[in-house]
Enquirer: 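Pasting a structure here, questions to come.
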Amino acid sequence: MMNIKTILDRALFALSVPKCVCCRKRLNYGELAFCPECYAEFEENKSRNCSRCSRVLSECDCSNEFLRAHYTRRVVKCYRYRTQDEGSPGNSLIYSLKRDNRSDVLELCVRELSEALLNSVENPSRYIFTNVPRRRSAIVEYGIDHSALLAKELAGSFGAEYIPILASKAKKPQKTLETSDRFKNADFYIVKDVDLTGREIIIVDDIITTGASVGKAASLIRSLGAKDIIAATIAIAYRDS
Ligand SMILES: [Zn+2]
Ligand SMILES: [Zn+2]
């Protein structure tokens with residue numbers, strides 16, 4: 001007969017075993033975020049090409065018009081996020097990254113984004129990494145600023161410096177707003193008044209939908225003297241042809 005401790009141990013084990021972020025199947029040890037079937041579909045998602053340069057997205061660093069006008073000439077990304085792909089592995093990965101604080105999800109995102117960075121950026125270790133800040137109320141709700149975690153881990157993987165430069169007092173989630181209102185809503189401010197004169201910066205975000213948040217962040221970072229700014233994101237949701 002099982003005593004209370006054994007029952008508790010088993011319950012805790014069952015709770016701690018992560019499930020596939022997409023189909024919720026239990027994962028085996030060593031599988032990150034996806035079961036093998038969903039991972040295969042994820043790889044398939046990632047084979048889509050850039051509408052501008054026709055390279056595979058993870059190998060292109062095309063920006064969009066709005067971001068080019070906001071000091072961001074290059075955008076490194078892993079794949080395209082499409083709202084109509086609700087429930088797809090790529091979309092599920094972003095949802096989980098935002099909400100779950102799972103180390104395997106973060107590890108997969110770091111791996112994907114560091115591979116994409118190495119495709120486009122020579123010697124990422126010389127850049128300062130920072131992130132688009134999360135709304136304060138969202139940090140309270142989910143307990144994490146996932147883009148900050150991602151930026152910090154990415155920097156670590158290259159032996160580069162990570163500096164949290166910005167914070168957000170935005171009132172509303174960007175996804176609830178029209179494109180024209182997003183730049184205004186991205187109410188960021190500088191928390192670390194660091195001299196970035198002549199420095200090269202990589203701004204990390206989970207997803208770039210219009211570029212309003214990254215554009216606002218890049219403008220502030222530019223005001224600190226940064227020379228070159230690259231955006232790095234798990235997924236883009238814009239089309240720029
Ligand atoms: Zn699955
Ligand atoms: Zn491209």
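Atoms within each ligand, like the ligands themselves, are counted from 1 in listed order. Below, each value reflects all heavy atoms present in this structure, side chains not excepted, and no hydrogens, waters or symmetry copies.
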Enquirer: Centroid-to-centroid, Phe42 to Phe34, below 6.0 Å?
Expert: yes
Enquirer: Would you call Asp206 and Lys98 a salt bridge, using N to O less than 4.0 angstrom?
Expert: yes
Enquirer: Answer yes if the ring centres of Tyr238 and Phe66 are under 6.0 angstrom apart, and no otherwise.
Expert: no
Enquirer: About how large, to 10 degrees, is the angle SG of Cys50, then the Zn ion (ligand 2), then SG of Cys62?
Expert: 110°
Enquirer: Which protein N, O or S atoms sit under 2.8 Å from the Zn ion (ligand 1)?
Expert: Cys20 SG, Cys23 SG, Cys35 SG, Cys38 SG
Enquirer: Quickly, which of Arg73, Arg126, Arg74 forms a salt bridge (Lys or Arg N to Asp or Glu O under 4.0 Å) with Glu200? Name it, please.
Expert: Arg126
Enquirer: Under 4.0 Å between a Lys/Arg side-chain N and an Asp/Glu carboxylate O for Lys46 and Glu43?
Expert: yes
Enquirer: Please give me the minimum heavy-atom distance between Gly90 and Tyr79, naming the atom from each residue.
Expert: O-OH, 2.7 Å
Enquirer: If I take atom CG from residue Leu154 and atom CZ from residue Arg111, how far apart are they, to the nearest 0.5 angstrom?
Expert: 13.0 Å
Enquirer: Working to 10°, measure the angle at the Zn ion (ligand 2) formed by atom SG of Cys53 and atom SG of Cys60.
Expert: 110°
